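We count ligands from 1, going down the list as the structure has it; atoms in each ligand are counted the same way. Computed from a prediction, not measured in an experiment: that's the story for all the values here.
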Amino acid sequence: MDAKDATVLKKSVEGKTVPIVDITPFTTTGYSPEVKKHVATELASKASIDGCVGISGHGVPDEVVATAFVMTKKLFELPFEEKMKAPHPDAPVPHRGYSGTGRENAARKTETEDWDGSAKKADYEKLTDYKESYEIGSESNEVNYNIWLPEQAFPGFRTWGLELYWRLHETAMSILEALMMSLELAEDEMEEVRALHTGHDHQLRLLHYPPIEEVLRKDKHTSRLGAHTDWSQFTLLFQDEHGGLQFLNRSTGEFIDAVPMEGVLYMNIGDMFQRISNGFYPSALHRVIIKNPHASRYSIPFFVPPNSDGIIRPQPSRVEKDGEEKYEVVTFREYSRKAFESMNVYN
Ligand SMILES: O=C(O)CCC(=O)C(=O)O
Ligand SMILES: [Fe+2]
């Protein structure tokens with residue numbers, strides 16, 4: 001890609017937005033297979049373009065989402081010393097607890113995949129994402145075990161976090177069913193994919209992006225969140241009213257807005273489901289730009305990775321349709337270890 005193309009890639013298009021699909025028939029009982037098939041087909045046509053789609057009818061009540069943002073804000077408003085009572089370790093595992101600003105560099109992972117040939121490696125090396133985060137998982141995950149604040153530091157936080165985790169698990173599994181139906185997988189293939197999801201491997205992430213004036217005072221090598229793909233199967237995301245999340249329009253090379261809308265979550269395909277689907281669904285390149293520099297921005301992604309021993313292979317019926325196997329078999333453990341190492345900034 002030459003320098004001119006790279007300029008285009010960095011531009012975003014005003015007015016063009018991410019498509020929306022209503023998945024109510026997958027989150028509510030009583031719908032016929034024909035109706036579900038109709039939704040799955042719509043999902044296939046919309047989400048296969050850029051690997052992203054807005055989802056309504058996802059089953060998470062508005063009040064639950066509103067409370068989630070109240071709790072997230074309260075968490076990050078705690079004094080730094082309090083938040084550091086649940087520190088993320090200086091290691092990839094467990095990927096849990098609180099990370100202060102400047103620890104991650106999401107674009108670094110993607111840059112190694114050469115999405116933008118003009119990117120100056122030295123600049124990427126210096127760049128850090130200016131955000132703070134807190135990761136929550138299942139209490140039964142013994143590898144990625146939770147790192148909690150003491151109860152008195154934030155009463156009710158732990159109970160709330162786990163409730164939200166399991167609520168989002170339900171939605172995620174409904175979306176998985178829709179995705180599998182959209183790929184027309186055989187029943188044994190669906191069983192193989194379902195078996196990758198025991199429920200204990202998701203990652204609920206609470207995110208805070210501070211106002212930008214504060215960022216600029218501290219360091220010029222910062223971004224809200226550099227362009228990257230997720231390594232999950234797929235990711236669900238709620239963002240506040242400030243917006244800023246964008247996905248790459250693969251045909252034009254421009255980024256399009258994921259506009260905040262009540263009742264809509266954004267779903268993006270990650271590296272693993274790109275492989276499972278033999279490339280039918282592309283892993284979505286996304287970033288967070290500054291829409292309102294004066295305000296804090298909050299978002300809540302829910303990553304849906306396969307379990308860590310999971311073997312990820314393009315499903316045979318897709319390979320047969322495509323006439324070639326586009327990806328080699330990988331284990332999620334090895335894939336995610338490499339991805340995590342490449343994007344973390346250790347002191
Ligand atoms: O904050 C957002 O809207 C995006 C977060 C994200 O892409 C990530 O954490 O991987
Ligand atoms: Fe992401």
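- Nearest to the Fe ion (ligand 2), among the N, O or S atoms that D230 has, is OD1.
- Ring to ring, H95 and F303 are not that close: their centroids are 6.0 angstrom or more apart.
- The closest approach between any non-hydrogen atom of Y266 and ligand 1 is not below 4.0 Å.
- Each of the atoms 1 (O), 5 (C), 9 (O) of ligand 1 lies under 4.0 Å from some heavy atom of L207.
- At a 3.5 angstrom cut-off on N or O pairs, Q239 does not count as close to ligand 1.
- The nearest non-hydrogen atom to atom 6 (C) of ligand 1, considering only L225, T235, N268, comes from L225.
- Counting atoms of ligand 1 from 1 in the listed order, those under 4.0 Å from a heavy atom of V288 are 1 (O), 2 (C), 3 (O), 4 (C).
- Judged by distance alone, with hydrogens and angles left aside, the side-chain atoms of R167 form no donor-acceptor pair with the main-chain N or O of P61 at under 3.5 Å.
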Exercise for review: Please assess H197 against Q233 for the test side chain to side chain donor-acceptor pair (under 3.5 Å), listing each intermediate value before the final yes or no.
Suggested key: CA-CA 10 Å; H197 298 277; Q233 295 263 56; 3.0 Å; yes
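- Judged by distance alone, with hydrogens and angles left aside, the side-chain atoms of H286 form a donor-acceptor pair with the main-chain N or O of H228 at under 3.5 Å.
- With hydrogens left out, the protein atom closest to atom 3 (O) of ligand 1 is R297 NH2, 2.8 Å, a heavy atom.
- Close approach of ligand 1 to Y209 (heavy-atom distance below 4.0 Å) involves ligand atoms 1 (O), 2 (C), 4 (C), 5 (C).
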**Study point:** Pair N307-T198, side chain to side chain donor-acceptor pair (under 3.5 Å): steps then yes or no
**Key:** CA-CA 7 Å; N307 63 52; T198 60; 5.3 Å; no
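- The single protein non-hydrogen atom nearest to atom 9 (O) of ligand 1 is R205 NH1, 3.0 Å, given as residue, atom name and distance.
- Which parts of ligand 1 touch F303 is read off a 4.0 Å heavy-atom cut-off, strictly below it: atoms 8 (C), 9 (O), 10 (O).
- Counting atoms of ligand 1 from 1 in the listed order, those under 4.0 Å from a heavy atom of H286 are 7 (O).
- Looking only at heavy atoms of the protein, atom 4 (C) of ligand 1 is closest to L237 CD1, 3.5 Å.
- The only member of T235, T229, D230 that meets side-chain hydrogen bond (donor to acceptor under 3.5 Å, both in side chains) when paired with S232 is T235.
- Interatomic distance, I175 CD1 to E170 CD, rounded to the nearest 0.5 Å: 12.0 Å.
- The closest approach between any non-hydrogen atom of H228 and ligand 1 is below 4.0 Å.
- Partner of Y98 under the side-chain hydrogen bond (donor to acceptor under 3.5 Å, both in side chains) criterion, chosen from E132, K85, E135, H88: E132.
- Judged by distance alone, the side chain of S182 and the main-chain N or O of A44 form no donor-acceptor pair under 3.5 Å.
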